[in-house]
Protein chains: 2
Amino acid sequence: MVKITDVARHAGVSPSTVSYALSGKRPISEETRQRIEASIRELGYRPHAGARALASSRSNVLALVVPLRAGIHVPVVMQFAVSVVTAARRHDHDVLLLTQEEGEEGLRRVADTALVDALIVMDVQLHDPRLPLLRALDRPSVLIGFPAGPAGLTCIDLDFKAAGELCVERLARLGHRVVALVGSPPEVYVRGTAFAQRVVEGFTAAADRGGLASSVHPCEASPAAARRVAEQLLREQPALTGVVVHNEPVLEPLIDAFGQLGLRVPVDLSVTAICPDELAENVRVPVTSVAIPSTEVGARAVELLMKKLGGTDVPEATLLAPRLTERASTAPRTLTP
Amino acid sequence: MVKITDVARHAGVSPSTVSYALSGKRPISEETRQRIEASIRELGYRPHAGARALASSRSNVLALVVPLRAGIHVPVVMQFAVSVVTAARRHDHDVLLLTQEEGEEGLRRVADTALVDALIVMDVQLHDPRLPLLRALDRPSVLIGFPAGPAGLTCIDLDFKAAGELCVERLARLGHRVVALVGSPPEVYVRGTAFAQRVVEGFTAAADRGGLASSVHPCEASPAAARRVAEQLLREQPALTGVVVHNEPVLEPLIDAFGQLGLRVPVDLSVTAICPDELAENVRVPVTSVAIPSTEVGARAVELLMKKLGGTDVPEATLLAPRLTERASTAPRTLTP
DNA sequence: TTCCCCCGTCGAAGCGCTTCGACGTCACGC
DNA sequence: GCGTGACGTCGAAGCGCTTCGACGGGGGAA
């Protein structure tokens, strides 16, 4: 293994000079720097991560805690993880993958052993048991999602409430007066996943504001459940013409079910969704949707963390404005005379 | 921060004794060990990962390289990643997440800086540019998937060839004489992804062996492409009664398309698939399938790596036998008189 | 009883890097 | 012309842990 002393000897300088040339923490003459860089290349030098971490008390590793639970859409998680890794690399950091399963103990472990410098936590619950720990930890963290009491924490997410509102407003502007929300599986609400609830809030608020009749229907992530919900909607709200879907796996089955029940999208029924663009585009009828900007959230989370590591203050809350893309699943309400 | 010397003082022993008590590399009397463990708990001691890595030249971190490409089924990757993390934790290791994008340079970096002790590489291509590097690296690695020349490497995967055979044999036993394989998107074959090709090999070999008429059809991952393939199959092989699908996103759309073309599954057409059980179970018609055992592959990959790290020899190739689960999509061929 | 060896523990020497203080040199201002 | 910084570099002191060699003591073999 080639070490910093080898480089130093080869370049005719002291090890500390090599270190400073690498870190830029002290001025080094252009000429010396060139010589050092040449030696590094020639010898193929790579600083030892452990030694560096020990001496500098910085590991240049971020922890990313991913959820495993039922009812969350896996591709979104993956896309998010990839964007975190990519963003982290831009800042010369790596990413350690932790599962939710490890829980608080896992967070404490990687933080206390100085394995990581900072943490990103996904799938935050309204009353997440990890919150006190994250507040107490000496390492900065960023949460994806908003808990009930976000004070003292840094949180970022799509503004799901605004997303819910946006979907309803879109339908209202198209003339729809009776709308329904097909939401996440019941267990997601039961455990208090913030984003699911916020969609409901936004949906309901916008419907009330606009004087629309509305209802909310949690739905299991199966085609059969989708079918049941479709039947129920028809039975209970025969005047229904607008549906908002916030449940990825059910989007396509639901549209199919409506079709089989004699409701054509968008002729008889307009559908909007909150889901990844990729999904919205690949349904039989491309769906007007608010995108889940996982890539942007991931990148922004890393930026926030880097600022915090650098000692800069960052806002406690970052809400990304929803953007709705018009596709083929929405149309003005057909007025029945 | 509480360090090993603090624990040592508190327990009335020397730091080295604490270290040995922790690692078990030298015998420590039961009584002393108890005292040390009590001190550790009381003081909340956690060994500093960097210091440990520096002194022991073991970071206790594994690198996991995940693919990002088109045509691979994301939930499988995620499930695999989670199983690697879980298995690694059982061996007191953590997992560093790398993206394919980082390429060879990324592998070299984490290996040469001693950030990781070993590597797991997913989505190996037949002529993967990373192979020479992996052979040359001083750290052990395990590949998920088999390249063209696996000598000197440790590889593990589902036996996709056997899986292809199994699907055909099942159809043959049910009396089907004309079969087709709907495979991965063309680009997957173009770039030489081994597992896709092996399915084709197995499929073709078994069909030939059984004297079945067969054809192979790569297929884009979109409902429209599925529909086109279905139409093409009907046109070109009117006697077709058995289909093997190795393309997750297309499984359901394909069955739908057949339905719309007047072919009922399994009455007119038997379908088997190679895909995650979770998907096979959630199609309109639950599909008889060979599962992709991502969880098992992940866990086994970690075990292999641990053995290699421990100096034990491991087999170069580990092929997991395919297992077919009978569901509703297969039936004996209806003999037309 | 004596010798030897093994058990349990200690002390010290690093692992490879960063960082702090120090020092010489040069340019600039007064 | 001399003080005063700033610049560029060096040496040494760790960072917290593991590990090697050593050593005292006790038990078994001879």
Side-chain angles (χ1 to χ4, degrees), chain A residues 1-37 39-40 43-61 92 109-117 138 309, chain B residues 1-37 39-40 43-61 92 109-117 138 309:
Chain A
M1 179 192 199
V2 30
K3 40 191 141 180
I4 201 170
T5 51
D6 300 329
V7 175
R9 196 175 320 116
H10 187 272
V13 296
S14 81
S16 52
T17 302
V18 176
S19 177
Y20 286 124
L22 245 33
S23 69
K25 293 192 179 171
R26 283 198 185 174
I28 296 290
S29 72
E30 186 52 29
E31 186 209 326
T32 307
R33 181 198 312 291
Q34 300 279 342
R35 206 146 27 90
I36 291 174
E37 279 170 8
S39 298
I40 288 178
L43 302 180
Y45 168 68
R46 302 273 195 172
H48 186 289
R52 200 194 264 263
L54 178 56
S56 67
S57 48
R58 275 299 184 85
S59 67
N60 276 31
V61 174
D92 197 33
R109 181 175 59 81
V110 295
D112 287 356
T113 60
L115 226 193
V116 307
D117 295 336
D138 50 339
L309 281 171
Chain B
M1 177 192 202
V2 30
K3 41 189 133 180
I4 201 170
T5 50
D6 301 328
V7 175
R9 196 175 320 118
H10 187 273
V13 296
S14 80
S16 51
T17 303
V18 175
S19 178
Y20 286 124
L22 244 32
S23 69
K25 292 192 179 170
R26 284 200 184 174
I28 296 290
S29 71
E30 185 52 29
E31 183 209 328
T32 307
R33 182 198 311 290
Q34 299 278 341
R35 205 144 29 89
I36 291 174
E37 280 171 8
S39 299
I40 288 178
L43 301 179
Y45 167 69
R46 303 274 196 171
H48 186 288
R52 199 194 264 263
L54 177 56
S56 67
S57 48
R58 275 297 183 86
S59 67
N60 276 32
V61 175
D92 197 32
R109 181 175 58 80
V110 296
D112 287 357
T113 60
L115 227 193
V116 308
D117 295 336
D138 50 338
L309 281 172

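As the structure is a computational prediction, the values presented were derived from the model and not from experiment. Just the heavy atoms: all of them, side chains too, but no hydrogens, waters or symmetry mates, feed the values below.
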Please give, in whole Å, the distance from C/dC10 P to B/Arg9 CZ? 14 Å

Over all strands shown, is B/Thr32 touching base, sugar-phosphate only, or nothing at heavy-atom distances under 4.0 angstrom? sugar-phosphate

Here the distance between atom C1' of D/dT18 and atom CG of B/Leu22, to the nearest Å, is 11 Å

Rounded to whole Å, CZ of B/Arg58 lies from P of D/dT18 at a distance of 13 Å

Figure out the CZ/P separation between A/Arg52 and C/dC15, and round it to whole Å. 19 Å

Spell out yes or no: do the side chain of A/Tyr45 and the base of C/dC17 have one donor N/O and one acceptor N/O closer than 3.5 Å? no

Tell me the interatomic distance from A/Glu30, atom CD, to D/dT9, atom C1', rounded to whole angstroms. 16 Å

Give a yes or no on whether a donor-acceptor pair under 3.5 Å exists between the nucleobase atoms of C/dC17, that is its base, and the side chain of A/Tyr20. no

If you take atom types as modelled and just measure distance, does the side chain of B/Arg26 reach the base of D/dG21 with a donor-acceptor pair under 3.5 Å? yes

With heavy-atom distances below 4.5 Å as the criterion, would you say the side chains of A/Ile40 and A/Leu22 are in contact? yes

Which part of the nucleic acid, if any, lies within contact of B/Pro47, taking any heavy atom under 4.0 Å across all strands shown: a base, the sugar-phosphate backbone alone, or nothing? sugar-phosphate

Tell me what B/Ser56 touches on the nucleic acid: a base, only sugar-phosphate, or nothing, going by heavy atoms under 4.0 Å. sugar-phosphate

Closest listed nucleotide, where the reference is the side chain of B/Ala55 and the choices are C/dT19, C/dG16, C/dC15: C/dC15

Which part of the nucleic acid, if any, lies within contact of B/Ser29, taking any heavy atom under 4.0 Å across all strands shown: a base, the sugar-phosphate backbone alone, or nothing? sugar-phosphate

Nearest listed nucleotide, side chain of B/Ser14, among D/dG11, C/dG16, C/dC10: C/dC10

Taking any heavy-atom pair under 4.0 Å as a contact, classify B/Ser16: base, sugar-phosphate, or nothing. base

N or O in side chain of A/Lys25 less than 4.0 angstrom from C/dT18 OP1/OP2: no

Can you tell me how far OG of A/Ser16 sits from NZ of A/Lys25, rounded to the nearest 0.5 angstrom? 14.0 Å

Would you say B/Asp112's side chain and B/Arg109's backbone share a donor-acceptor pair under 3.5 angstrom? no

Do B/Asp6 and B/Arg9 meet the salt-bridge criterion of a basic N to acidic O distance under 4.0 Å? yes

Side chain A/Thr17, main chain A/Val13, donor-acceptor under 3.5 Å: no

Whole angstroms only, please: what is the CD1-C1' distance between B/Ile4 and C/dA12? 14 Å

Integer-rounded Å distance: D/dT18 C1' and B/Asn60 CG: 13 Å

C/dT9, OP1 or OP2 - any side-chain N/O from B/Thr17 closer than 4.0 Å? no

Quick one: A/His48 NE2 to C/dT18 P, roughly how many Å, whole number? 12 Å

